[in-house]
2 protein chains.
Amino acid sequence: MSIRKGRSVTISDVAEAAGVSRAAVSKVLRNAYGVSPGMRQRVESTIEQLGYRPSVAARALRGSSYRLGLEIPYTGARFMTQIVEGAKRAVAGTPYQIILAPADGPEYDTLESLADGLVDGIIAISPLVDQGWLEDLARRVPVVMLGRHDTPAGYDTVTGDDHAGARAVMEHLLSLGHRRIAHLTEPENVTAPGSGTPHSVRLEVYRACMAEAGLADQIRVARRDVSGGDAVAAAAALLALPEPPTAIFAGHDDMAVDALAAVARAVAVAGRDKTVAVAGYDNTDLAAHPLIDLTSVDQQGVEMGAQAATMLLERLQGRSEPRHYVAATQLRIRSSTAL
Amino acid sequence: MSIRKGRSVTISDVAEAAGVSRAAVSKVLRNAYGVSPGMRQRVESTIEQLGYRPSVAARALRGSSYRLGLEIPYTGARFMTQIVEGAKRAVAGTPYQIILAPADGPEYDTLESLADGLVDGIIAISPLVDQGWLEDLARRVPVVMLGRHDTPAGYDTVTGDDHAGARAVMEHLLSLGHRRIAHLTEPENVTAPGSGTPHSVRLEVYRACMAEAGLADQIRVARRDVSGGDAVAAAAALLALPEPPTAIFAGHDDMAVDALAAVARAVAVAGRDKTVAVAGYDNTDLAAHPLIDLTSVDQQGVEMGAQAATMLLERLQGRSEPRHYVAATQLRIRSSTAL
DNA sequence: GTGAAAGCGCTAACAC
DNA sequence: GTGTTAGCGCTTTCAC
């Protein structure tokens, strides 16, 4: 299965053409110390002339690939756009590039395959992997985890303030007079109590707020299908309850948008009034759309992505003490929760 | 499954532990010819035991990285989700993996950086790069281009049938009695006549259909901001014309959704009836949402992504004659164009 | 069927 | 300041 890639120009070609050693070219490439301006000049113009581009594979084998891997569990999740945007912004102007690795199955596999020498560092959104396993991984390659409320020693974390964000949603809904408030969330494997995933925290806060408000008996939790499908059916099931909720707090905007779909369908079919409030999380682009107009929690996804990339760059510079960044949240109230 | 601390285990470690040569391990790894069952067995269990994972960089340097690069111009575009999904599906079960490279600026850079030995092949969505340049690139590494209506010799192409798709939209709108039909499209650099980009074709078809219907004087083309922002302002400008269009044909669903936003805002502000029909292209998930319910052209994005990946795999198997795949389109009529 | 050995393109010590 | 050299981990003839 060997592919003949057209032979490209190597560092030796450049060295020969410029009449210097390969090491000299390498130094120019990396802005390393010990190159005279004259030689730098000569080498650079030779590089330009020959159209030389360093082989990432060869560099990676010896030093760094100048690639940062960003693992994304689900390509379609709108929140990812913010993260990617932030990460791209943070590496702009550095020699590093972001590559995205869509998780095609168990996230362990994706992360390992990233760690197989392809990238210099990893940003990942993997609530499902074990902390110990991650600490091991982090010994091999710098790691920044997004959305994990653990406090590991070996890697950095970037999270939103899920406690505050979820509480803001609940207080908003309660202050509106809602009592039958349901929570629409991810499958159970992502919300195990104490697991420290964002969705487990949001769920816990939901439960706590309901209990505090004396509404423990009104707690209703619906979950989207494990298969990664949409949450419309789960939301529809809520609406079909004998005493349907008057408000749905969805774990993120994508599910909230699905909930709005379920509500709209119920309205169309049953002719019921659109009395169900819906709130989401992440404040994705779509939330501001006038036809959606979704109340949502802004947790500064772009900033989170940028922080994650910046922290990874810091680790590549040598930092080894862990850092844990928590992004502030702000509730954006829109008409989806209007009275 | 276990990751060892510190320096990772290499092929030599495996060879030593299994009491064979490195070459033997390599052969087992690649299912190459000339390994006895006994030895294979022994090597495999050693690999398992040591948690050995081959270095992608080292493999890439000598042979293949088993990574396919998918360049995506804009992470937020909803159509991309379909492409990625299809590509992932096509490589499932092969030793290859998809990595995504978000274009952070000029697409030339992104493509070159992919070609720098990182991946064995490239799938790209880059209407803006020159065909000659691509042919050069394709000499170095197998390339499949999405959404280019050129017929190059050096690389494969996968497109939708933009002629048929755009015509279906226009015929639909015309049959509904619309005469003031506007087209909302990308900035001019993406729609240059004859450039063969999907959006240039859709625009040409729009113009042709209008002319054929005797509506040449009603042609109105609005473009979204070059900076990559949304198309709401462009759509709003259309609606603010003295004689606003009664229908907007948007170049893709993202812009159509923006158009719906502009319409909704106009309705809210001016109290006008919602009389503007909107049609999109790509039939993204959101189009089916009851609150959006957007008429759109299904061009089988998932299938396109899968085809592209499959064709790339074929090239990696040795095919060198170019293939050009055109996906059939189907108009999905929804209430956004209801009378 | 199996192993020794020569690189792939680059970086990093260490000479000069 | 510049060049020489020894690998990084792997694949791949080519002997045995």
Side-chain angles (χ1 to χ4, degrees), chain A residues 1-43 46-47 50-67 95 115-120 140-141 316, chain B residues 4 6-43 46-47 50-67 95 115-118 120 140-141:
Chain A
M1 257 86 327
S2 82
I3 298 313
R4 61 163 43 67
K5 320 181 174 187
R7 271 259 312 171
S8 49
V9 23
T10 77
I11 201 171
S12 302
D13 301 330
V14 175
E16 188 177 350
V20 299
S21 74
R22 283 163 24 195
V25 179
S26 177
K27 280 180 187 165
V28 170
L29 243 42
R30 292 171 293 122
N31 275 310
Y33 193 74
V35 203
S36 68
M39 172 161 138
R40 163 176 300 281
Q41 169 69 24
R42 201 149 28 102
V43 169
T46 310
I47 287 177
L50 267 48
Y52 164 72
R53 299 187 55 97
S55 150
V56 177
R59 301 185 97 172
L61 192 53
R62 203 66 182 92
S64 26
S65 65
Y66 297 104
R67 300 292 188 277
D116 289 338
L118 235 192
V119 298
D120 296 341
R140 287 200 294 154
V141 46
L316 291 170
Chain B
R4 323 210 79 65
R7 211 165 54 76
S8 55
V9 20
T10 77
I11 201 172
S12 303
D13 300 330
V14 176
E16 189 177 351
V20 298
S21 74
R22 284 164 26 199
V25 179
S26 176
K27 280 179 187 166
V28 170
L29 243 42
R30 292 170 294 123
N31 275 308
Y33 192 73
V35 203
S36 66
M39 176 166 125
R40 162 177 301 281
Q41 171 66 28
R42 200 146 31 101
V43 169
T46 309
I47 286 177
L50 264 48
Y52 165 73
R53 299 187 56 97
S55 150
V56 176
R59 301 186 96 174
L61 193 53
R62 205 68 181 86
S64 11
S65 64
Y66 297 102
R67 301 293 187 278
D116 290 338
L118 234 193
D120 296 340
R140 288 199 294 152
V141 46

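FYI, side chains are in, hydrogens and waters are out, and symmetry mates aren't considered; it's all heavy atoms of this structure. Keep in mind it's a predicted model, so treat the numbers as computed, not measured. Here is the naming used below: chain letters follow the sequence lines, and residue numbers restart at 1 for every chain.
Residue B:S55 places no side-chain N or O under 4.0 Å from the OP1 or OP2 atom of D:dG9. Dashed line: the shortest gap from a side-chain N or O of B:Y66 to OP1 or OP2 of D:dC10 is not under 4.0 Å.
We find the CG-CZ distance between A:L29 and A:R40 to be 9.5 Å, quoted to the nearest 0.5 Å. Taken to the nearest 0.5 Å, the OG atom of B:S21 stands 7.0 Å off from the NZ atom of B:K27. Atom CD1 of B:I47 sits about 12.5 Å away from atom CZ of B:R42, to the nearest 0.5 Å. Rounded to the nearest 0.5 angstrom, B:R59 CZ and B:I11 CD1 are separated by 8.5 Å. To the nearest 0.5 Å, atoms CG (A:D116) and CZ (B:R53) are separated by 4.0 Å. Taking OG1 of A:T46 as the start and CG of A:D13 as the end, the distance is 11.5 Å to the nearest 0.5 Å.
Distance from the side chain of A:A58 is smallest for C:dC10 among the nucleotides C:dC10, C:dG3, D:dC10.
Between the P atom of C:dC10 and the CG atom of B:L61 lies a distance of 9 Å, rounded to the nearest Å. Regarding B:D116, its CG atom lies at a distance of 15 Å from the C1' atom of C:dC8, rounded to whole Å. One can place CD1 of B:I11 at 12 Å from P of C:dG3, the figure rounded to the nearest angstrom. As a whole-Å value, the separation of A:L50 CG from C:dG9 C1' is 15 Å. One atom, CG of A:D13, and another, P of C:dC10, lie 9 Å apart when rounded to the nearest Å.
Contacts between residues 32-43 of chain A and DNA chain C, defined by a heavy-atom separation below 4.0 Å, involve no residue at all.
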Atom pairs, N/O to N/O, protein against nucleotides 12-16 of chain C, distance under 3.5 Å?
residue : atom : partner : partner atom : Å
C:dA12  : OP2  : A:R30   : NH1          : 2.4

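Among the protein residues, A:V20 comes within range of the sugar-phosphate backbone only, with heavy atoms under 4.0 Å from sugar or phosphate atoms but none that close to a base.
For A:D120, there are no salt bridge (Lys or Arg N to Asp or Glu O under 4.0 Å) partners two or more places apart in sequence or in a different chain.
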Please lay out, stage by stage, how B:L118 and A:L118 fare under the test side chain to side chain contact (heavy atoms under 4.5 Å, CB included).
CA-CA 8 Å; B:L118 234 193; A:L118 235 192; 2.8 Å; yes

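A donor-acceptor contact closer than 3.5 angstrom links the side chains of A:S26 and A:R30.
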